[in-house]
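This report refers to the structure that appears directly beneath it.
Reckoned from all heavy atoms, side chains included, excluding hydrogens, waters and symmetry mates. Chain naming here is simple, since letters A, B, ... match the order of the sequence lines and numbering starts at 1 in each.
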Amino acid sequence: MRYTKTLIPTLKEDPTDAEVVSHKLMVRAGMIRQIARGIYDFLPLGWRVVRKVEQIVREEMDRAGAQEILMPAVCPAELWQESGRWEHYGRELLRIKDRHDREFCFGPTHEEVVTDLVRRDVRSYRDLPINLYQIQTKFRDEVRPRFGLMRGRELLMKDAYSFHVDADDCHREYQLMADTYRRIFRRCGLDTRQVESDTGAIGGRRAHEFQVLADSGEDAIVSCTQCEYAANVEKAEIGRADSDVLPAAPAATLKKIRTPGKRSVEDVAAFLSEPPERFVKTLLFTTSEGETMAALVRGDHELSDVKLRNALGVAWVQLAEASVVEASTGAEIGFAGPLQWKRPVRVLADHAVRGITGGVIGANETDHHFVGFDQQRDLGDLAFADLRLARAGDRCPRCENGAFDSHRGIEVGNIFYLGTKYSTAMKAMFLDADGREKPMEMGCYGIGVTRTAAAAVEQYNDANGILWPMPIAPAHVQIVPVKWADERMRTAAEDLYGKLQGAGIEAILDDRDERPGVKFKDADLLGVPLRVTVGGKGRGRGVYEREQRDQAEASDLPVGDAVDQLKKIVAAGLAH
RNA sequence: CGGGGUGUGGCGCAGUCUGGUAGCGCGCCUGCUUUGGGAGCAGGAUGCCGGAGGUUCAAAUCCUCUCACCCCGACCA
């Protein structure tokens, strides 16, 4: 690539609408431009990165025996109605109508379409297993797109779907995909963790996420310090920790006290000079079944709505509206408690609430709380479940002495065991060896290709710009002739450029007639892993200067040996 | 959807309170000088001040409506 023939509109200043580093740097490096909220143009260098990620994904999926196909982006409503998701998927589904007023959606995921494809053309156990994947533009009408490519509405995604004769074979494939994902992200140069996760809107029974560790990540994950267990905090099981059991408080009677205007645990704790862990938070939820229920968690804990939803066995829960809270408690929001309901409400408590004494709870009366709450004495028939978010320091559920560390993560991939959810709903059946008809077992596996590119920038950047890992860099080498007007430098740079191309090394030749400082700054910003400076300094000694973007020091690169040396470094970077 | 904020040359911003010739820095174009970490001088181009309506002799500025984008929350493969 010649710099002057390539659209690389770099910016000196951070764009004002960008918050996270990947967004800022990819815009500044002239790789992406926003065109609407959550929707981006990819410019030549940005697109090269995306295509490299895509190619790594493709190679590894092919190696695992999956077959690439392409399904339509625009999908008919009928298929989604058949699975029930036309109603249930919600407003993330971009719905459109054609000129005949027929309903379609822009596909956010393709379980329905692929299941339809397979049910029509796969009939026998002899045709199974099969794993079909595509790399395609998806559209998800996110409530709040943000952080550039990290949460866009239009995104490039690899989605794979596998079909099997039984659950065992599906689990084998699930494991194969997990291994494949580890290879893919390692080849991309990314440090990822595989964590247990909830199955969410996709449905199904078992799921893992692949998270790139980064402070800017939107997901919170915990991992055991002693064993392999790691999970999203909303899902992570919590070991029966002794630390959750509070020492008994001095005996006290239940007493109603005035707490005017003190609604949050923080406020009331400060007002009463009681520690938050002596509080029991009462949160009212409306479920997908239309029930109003209350969940109790300790004041210093946070509720996981995922765990609550799973404990109740419902499709979704959401915090109850103010009017519902007031109807159930007879009080304004902020004073709900598990005693003296105005209207009976089912109550489910987190394990850490068990046996609490000397507790503080809302009184179901505006501006009042109870102190001296004793769970056994005052609310003996309580039902318990694991409802809270895991956090650092919690005991590991899988090993003796482990405890959790916490991290932030960017979810770049996920794998789901679906069971027969879609095959049953959509009648994707096959005949087994005994001639019996059975629903296929399914798994699905996604990778956010554009998000992976952004996650790489989150993981590899410094004050001057991006530091691409070699395998996904927009080019391997950037050649910077210090003075383009100088014929000897120009000739030498052109010569090296030609030889690198011949050697299969991707190079950007900065053939702009710019001052050296401009070229160096732009080179740092773009983040090409290797830079060769062709200038006056080394001319007398017959050397160029070689710099690696992730190292401070430059070193000599003998002219005659340049191509071979660069080839070796590039090869090592690609093999990493 | 609730709360907060911003829309002024390609980019970053001032001007709005208190109505009166639309500005600055960077970038862009021309020329000269420069040339190893975002050069200097001189000259130049680029604005329906997000849009619509209103008030006024006069609106970037005041009023009403609207659209877009950003942040926080709810939400989310």
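The pairing partner recorded for B:C32 is B:G40, the criterion being a Watson-Crick or G-U wobble arrangement whose two distances lie under 3.5 angstrom. B:A22 is unpaired under the criterion used here, namely a Watson-Crick or G-U wobble arrangement in which both key atom distances are under 3.5 Å. Figure legend. B:A14 is base-paired to no nucleotide; pairs are counted as Watson-Crick or G-U wobble with both atom distances under 3.5 Å. In a base pair of the Watson-Crick type (N1 to N3 plus N6-O4 or O6-N4) or a G-U wobble (N1-O2 and O6-N3), with each distance short of 3.5 Å, B:C69 is matched with B:G5. Pairing partner, B:C62: B:G54, with both Watson-Crick or wobble hydrogen-bond distances short of 3.5 Å. Across all strands shown, B:A45 remains unpaired; no Watson-Crick or G-U wobble contact has both distances below 3.5 Å.
Between B:C71, B:G25, B:C70, one nucleotide has an atom nearer to the side chain of A:Arg144 than all others, and that is B:C71. Of the listed nucleotides (B:C76, B:C11, B:C69), B:C76 has the atom at the smallest distance from the side chain of A:Glu92.
In this structure, A:Glu142 places its CD atom 14 Å from C1' of B:A74, rounding to the nearest Å. Rounded to an integer number of Å, the gap from NZ of A:Lys235 to C1' of B:C76 is 17 Å. The nearest whole Å value for the distance from the CD atom in A:Glu209 to the P atom in B:C76 is 13 Å. Atom NZ of A:Lys24 and atom P of B:C70 are 15 Å apart (whole Å). One can place CG of A:Asp14 at 10 Å from C1' of B:G12, the figure rounded to the nearest angstrom. To the nearest angstrom, P of B:C76 lies 13 Å from CD of A:Glu411.
Straight-line distance between the P atoms of B:G7 and B:C76: roughly 34 Å, to the nearest whole Å. Rounded to whole Å, the P atom of B:G50 lies 14 Å from the corresponding atom of B:G15. The separation of B:U66 from B:G9, taken at their P atoms, amounts to 24 Å, rounded to a whole angstrom. B:U30 and B:C67: their P atoms are spaced 44 Å apart (whole Å). Straight-line distance between the P atoms of B:U46 and B:G4: roughly 41 Å, to the nearest whole Å. Between the C1' atoms of B:G51 and B:C69, the separation comes to 14 Å (whole Å). Going from the P atom of B:G12 to that of B:G44 covers 27 Å, rounded to whole Å. B:C75 sits 35 Å from B:A14 when the P atoms are compared, rounded to a whole Å.
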Does the protein touch nucleotides 28-39 of chain B at the base, only the backbone, or not at all? Give it as B, S and - per nucleotide, heavy atoms under 4.0 Å. ------BBBBBB
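Side-chain atoms of A:Thr533 and A:Tyr544 include no donor-acceptor pair closer than 3.5 Å. Side-chain atoms of A:His208 and A:Ser197 include no donor-acceptor pair closer than 3.5 Å. A:Asn232 and A:Glu209 share a side-chain donor-acceptor pair at under 3.5 Å. Judged purely by distance below 3.5 Å, without hydrogens or angles, the side chains of A:Tyr422 and A:Glu111 never pair a donor atom with an acceptor atom.
The residue A:Gln34 sits close only to the backbone: its heavy atoms come under 4.0 Å of sugar-phosphate atoms, none of a base. Within 4.0 Å (heavy atoms only), A:Asn414 reaches at least one base atom of the nucleic acid. Across all strands, A:Arg146 comes closer than 4.0 Å to base atoms (heavy-atom distances). Within 4.0 Å (heavy atoms only), A:Leu155 reaches at least one base atom of the nucleic acid.
Of the possible polar contacts, one joining the A:Gln459 side chain to the A:Asp191 backbone as a donor-acceptor pair under 3.5 Å is found. Using a distance-only test at 3.5 Å, with no hydrogens or angles considered, no donor-acceptor pair links the side chain of A:Asp116 to the main chain of A:Glu112.
Nearest-nucleotide mapping onto RNA chain B: of A:Glu13 and A:Arg451, the residue sitting toward the 5' end is A:Glu13. Residue order along RNA chain B, read from the 5' end via each residue's closest nucleotide, puts A:Ala18 first among A:Pro108 and A:Ala18.
Evaluation of atom-type donor-acceptor distances gives no pair under 3.5 Å for the side chain of A:Arg37 against the base of B:C70.
Geometrically, A:Arg95 does not engage A:Trp80 in a cation-pi contact, judged by NZ or CZ lying under 6.0 Å from the ring centre and within 45° of the ring axis.
Among residues two or more places apart in sequence or in another chain, the salt bridge (Lys or Arg N to Asp or Glu O under 4.0 Å) test is passed with A:Arg182 by A:Asp179.
Ring centers of A:His171 and A:Tyr417: under 6.0 Å apart, within the cut-off.
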